[in-house]
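Predicted, not measured: the structure shown is a model, and the values here were computed from it.
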2 protein chains.
Amino acid sequence: MKSRTHATDESPRTEIDSSFLKTLVGYNTRRATLRIMDVFTERMDALGLTQVEFSALSIIGRNPGVTPSQLCAELGLLAPNLTKILLRLDRQELLNRKALPTDRRAVALSLSAVGTKLLREAESRAVELELEASSALTSKQRETLISLLQKIYS
Amino acid sequence: MKSRTHATDESPRTEIDSSFLKTLVGYNTRRATLRIMDVFTERMDALGLTQVEFSALSIIGRNPGVTPSQLCAELGLLAPNLTKILLRLDRQELLNRKALPTDRRAVALSLSAVGTKLLREAESRAVELELEASSALTSKQRETLISLLQKIYS
DNA sequence: TATTGTTATACTCTATAACTATA
DNA sequence: TATAGTTATAGAGTATAACAATA
């Protein structure tokens, strides 16, 4: 076993060794997520959207007619929590909700004109802040990173 | 503008298009984090450790004498929240706390014998579950992934 | 006067159970 | 009887303000 450099145990330290945690994929994905989400929150605040509200808006905008249960599955949310998210989006007049003729329990979601306009602006900001938050990466590295991440959660 | 394939708008859908979100680094890091954290929680439950408790324990174990404020900076925690985490670890008799002779406001943290033993087991499980959660990656890809993630948050 | 760490507390997220209306 | 969606609520996680002890 290799000896580890240390002064007297329990003396005050100036440098913290976190090299072990940094060998763990989960630790690194979490730190990266927190960093990007900070930037996201700051930039999207002016539009009144949290990141999960943004994700929901984007899926609805690109999949008109999607149902809440499909949204839950796609975004990994629980139904009662999605209900609250949709309520907030609804209060801002961003959504249309229409009972499905084929199954009147289910709801077809789509964006209102206001919602569509907001989504366009939000997606454009998202792309911008994303590139900025990953500006230490070349576009090739960024592609590689995304593809490796998808191997983990797919 | 390209036309998008669709049936009648607001008809029920079978396939959801989330290709836009999947071009965002933040969306992918978040999904990967959630997946790995699920595995982590499941496997570490038997040891009674959450992931942040594990991170704290690991930093303390590898940096005896570290203070709470240093831990906060290292793990991105706020002081009042770390207090609660340390209290939980303390209740399990995992910690030693000793006022610094040079500054009696500050506390030198280290692991008890029990804490050291638990950490050894926990780190071994962490490495194992990590490799499993990233089993879709070659070890070279895993290295690449970690290095790209660190470019984002460092 | 500033800093370390604690207490109290509030807000958001996430999770579970029970309900309704449809099927 | 089962499913889509809602309501109510409980529990983490995260945030701010105010305090005691020490510097």
Side-chain angles (χ1 to χ4, degrees), chain A residues 10 12-14 16 26 30-31 33-35 37-38 40-42 44-45 48-56 60 65-91 95-109, chain B residues 10-14 16 30-31 33-35 37-38 40-42 44-45 48-56 60 65-91 95-109:
Chain A
E10 298 175 25
R13 303 183 155 266
T14 46
I16 302 303
R30 185 165 176 272
R31 293 288 302 256
T33 300
L34 290 175
R35 164 67 69 94
M37 289 316 164
D38 272 357
F40 188 102
T41 301
E42 175 200 307
M44 222 56 116
D45 191 54
L49 289 177
T50 66
Q51 81 252 22
V52 64
E53 285 165 1
F54 167 75
S55 299
I60 296 169
V66 67
T67 65
S69 67
Q70 288 176 314
L71 259 182
C72 281
E74 194 59 37
L75 297 176
L77 299 171
L78 293 172
N81 301 328
L82 179 64
T83 297
K84 284 185 283 188
I85 292 164
L86 293 178
L87 191 63
R88 290 200 297 268
L89 296 175
D90 213 7
R91 283 210 197 93
L95 298 184
N96 297 317
R97 316 171 78 138
K98 200 168 91 179
L100 285 185
T102 50
D103 182 344
R104 282 169 37 241
R105 291 171 304 183
V107 176
L109 297 166
Chain B
E10 298 172 26
S11 60
R13 304 183 153 267
T14 46
I16 302 302
R30 183 165 177 274
R31 295 288 302 256
T33 300
L34 291 175
R35 164 67 69 95
M37 289 317 163
D38 271 358
F40 188 101
T41 301
E42 174 201 308
M44 221 56 115
D45 190 54
L49 289 177
T50 65
Q51 83 250 22
V52 65
E53 286 166 0
F54 168 75
S55 299
I60 296 168
V66 66
T67 66
S69 67
Q70 288 175 314
L71 259 182
C72 281
E74 195 59 36
L75 297 177
L77 299 171
L78 294 173
N81 301 328
L82 180 63
T83 297
K84 283 186 285 188
I85 292 163
L86 292 179
L87 190 64
R88 289 200 297 267
L89 296 175
D90 212 7
R91 281 211 199 92
L95 298 183
N96 297 318
R97 315 171 79 139
K98 198 168 91 179
L100 284 185
T102 51
D103 182 345
R104 283 171 34 241
R105 292 171 304 185
V107 176
L109 298 166

- Item | Interatomic distance, B:L78 CG vs C:dT7 P [rounded to whole Å] | 17 Å
- Task: Starting at atom CG of A:L71, determine the distance to atom C1' of D:dA4, rounded to an integer number of angstrom.
- Result: 13 Å
- Message: Under 4.0 Å, heavy atoms only, any strand: does B:A79 hit a base, just the sugar-phosphate, or nothing?
- Response: base
- Message: Could you tell me how far apart B:L82 (CG) and C:dT6 (P) are, to the nearest whole angstrom?
- Response: 8 Å
- With DNA chain C as reference, determine whether A:P80 or A:V52 sits nearer its 5' end, using the nearest nucleotide of each. A:V52
- Query: With respect to the phosphate group of C:dC19, does any side-chain polar atom (N or O) of A:R105 fall under 4.0 Å of OP1 or OP2?
  - Reply: no
- Taking N and O atoms by type only, does the side chain of A:R104 place a donor or acceptor under 3.5 Å from a partner on the base of C:dT22? no
- Using a heavy-atom distance cut-off of less than 4.0 Å, which residues of residues 83-91 of chain B contact DNA chain C? B:T83, B:K84
- Of the listed nucleotides C:dT3, C:dT6, C:dG5, the one nearest the side chain of B:V107: C:dG5
- Message: How many whole angstroms separate atom CD of A:Q70 from atom C1' of D:dT3?
- Response: 14 Å
- Query: Expressed in angstrom and rounded to an integer, what is the separation of A:M37 atom CE from C:dC13 atom C1'?
  - Reply: 14 Å
- Within this structure, what is the NZ-to-C1' distance between B:K98 and C:dG5, rounded to whole angstrom? 19 Å
- Item | Listed nucleotide nearest any side-chain atom of A:N81, set C:dT14, C:dT3, C:dG5 | C:dT14
- Item | Separation of D:dA12 P from B:D45 CG (nearest whole Å) | 12 Å
- Task: Dot-bracket notation for DNA chain D is requested: 5' to 3', Watson-Crick or G-U wobble pairs only, both distances under 3.5 Å, with ( ), [ ], | and . as defined.
- Result: |||||||||||||||||||||||
- Message: Using OP1 and OP2 only, check whether a side-chain N or O of B:T50 sits under 4.0 Å from D:dA12.
- Response: no
- 5' priority, DNA chain D, between A:D103 and B:L77 [closest heavy atom]: A:D103
